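Notes to accompany the following structure.
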Amino acid sequence: MNFQQLRIVRETVRCNFNLTEVANALHTSQSGVSKHIRDLEDELGIELFVRRGKRLLGLTDPGKELVGIVERMLLDAKNIKRLAEQFSQSDRGDLVIATTHTQARYALPPVVAKFKKEFPKVHLVLHQASPREIVTMLLDGSADIGVATEALEDNADVVAFPYYSWDHAVIVPSGHDLERVEPLTLEAIAEWPLITYDSGFTGRPRIDQAFEAAGLEPDIVMTALDADVIKAYVELGVGVGILASMAYEPKRDAGLTLLDAGALFARNTSRIAVRQGRFLRGYAYRFLQLCSADLTESIVRSSVTPKGETEISD
């Protein structure tokens with residue numbers, strides 16, 4: 001058994017048993033992939049995949065058990081490398097943060113500035129992605145830390161911590177009729193065409209839930225992945241915007257007015273997450289604590305380290 005065989009097993013599941021995609025992902029040939037799978041099955045004396053002719057259709061019961069072990073073995077192999085790097089090069093390396101546009105644009109800049117001042121030799125990468133993509137990146141090891149409002153709590157292999165809470169607000173062109181509505185109500189907002197976040201982004205479910213609970217069907221004429229797009233089209237007069245309140249910047253958004261809607265929509269909590277069992281470099285722990293003073297290294301370590309395993313200290 002070798003690590004290439006283990007990587008092929010994992011990638012086969014991720015690629016929905018399409019060996020052509022597996023070969024492309026691992027930069028090898030399809031025949032090579034098939035041979036590695038057969039060699040592993042012969043070595044173990046069991047079939048790992050359900051087949052129809054040459055096609056793989058799914059995992060056998062032993063295969064389902066093996067996949068979890070394979071994930072842990074590959075994760076531990078990466079952890080060994082990170083452990084060595086921590087002791088040999090504690091102040092340099094890579095840190096990949098997978099995050100949504102809202103977090104990257106409005107929440108993380110001061111954290112990144114402080115981090116880069118403390119760790120100038122660390123190559124910091126901010127990878128913008130959807131919440132679901134962020135979870136995938138944490139699980140496959142391509143990201144060290146994930147930041148988002150949605151999805152991070154939905155996977156047992158991801159450990160998510162509260163980062164900060166925030167509210168939605170309504171944004172309109174300066175002089176809009178809604179500025180004179182006091183108090184602002186969902187009924188008044190629903191009378192106008194709306195522009196807000198795409199489904200699954202930046203608290204959109206709470207916006208939908210609020211209107212549904214009020215028995216209203218708002219006319220959402222446009223959705224976007226980030227607040228800058230929402231603001232641009234509100235300024236053009238396309239509709240009234242609903243966005244994260246921190247996305248409004250008075251100096252930059254001089255032609256727009258922010259209306260407080262905190263009482264109309266449920267509060268949101270953005271979370272910061274890491275992969276269960278992943279060895280984090282010392283500077284990764286520092287990044288987490290710069291995000292939230294409560295996220296001390298000891299707290300994160302105890303949460304991330306699987307029960308029954310020994311924590312590794314620097």
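What you see is a predicted model; the values in this text were computed from it and never measured.
- Around CZ of R55, the count of heavy atoms belonging to other residues, nucleotides or ligands within 6.0 Å does not exceed 12.
- Taking CZ from F115 and SG from C291, the interatomic distance works out to 10.0 Å, rounded to the nearest 0.5 Å.
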Working note: L178 + E191, criterion side-chain contact (heavy atoms from CB on, under 4.5 Å); need CA distance, chi angles, decisive distance, verdict. CA-CA 10 Å; L178 280 179; E191 291 179 3; over 6 Å; no
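- Aromatic ring orientation, Y197 versus H168: tilted (interplanar angle from 30° to 60°).
- Following chains of ILVMFWY side-chain contacts shorter than 4.5 Å, one cannot reach F265 starting from Y164, and the two form parts of different hydrophobic clusters.
- With rounding to the nearest 0.5 Å, the separation of NZ in K251 from CG in D253 is 12.5 Å.
- One hydrophobic cluster, built from ILVMFWY side chains closer than 4.5 Å, holds both I145 and F161.
- Using a cut-off of 4.0 Å between Lys/Arg side-chain N and Asp/Glu carboxylate O, D144 and R278 are scored as salt-bridged.
- Distance check, rounded to the nearest 0.5 Å: NE2 of H36 to CZ of R7 gives 9.5 Å.
- Residues I207 and L258 do not share a hydrophobic cluster, defined by chaining ILVMFWY side chains whose heavy atoms lie under 4.5 Å apart.
- Checked for salt-bridge contact, D226 and R105 miss the test: no charged N lies under 4.0 Å from a carboxylate O.
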Could you give me the CA-CA distance, side-chain angles and deciding distance for Y163 and V111, then say whether side-chain contact (heavy atoms from CB on, under 4.5 Å) is met? CA-CA 12 Å; Y163 181 9; V111 174; 3.8 Å; yes
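- Proximity of a side-chain donor or acceptor of S292 to a complementary backbone N or O of L288 within less than 3.5 Å is not detected.
- A continuous path of ILVMFWY side-chain contacts below 4.5 Å connects L295 to W166, so both sit in one hydrophobic cluster.
- Distance CG/L139 to CZ/R10: 10.5 Å, rounded to 0.5 Å.
- By the rule that hydrophobic residues join a cluster once side-chain heavy atoms approach within less than 4.5 Å of another member, I134 and L108 end up as members of separate clusters.
- Side-chain atoms of T102 and T100 form no donor-acceptor pair, as typed in the model, at a separation below 3.5 Å.
- We find the CG-CG distance between L6 and L40 to be 7.0 Å, quoted to the nearest 0.5 Å.
- By the 6.0 Å contact criterion, NZ on K114 is open, its count of non-hydrogen atoms from other residues, nucleotides or ligands being 12 or less.
- Between the side chain of E43 and the backbone N or O of D39 there is no donor-acceptor pair closer than 3.5 Å.
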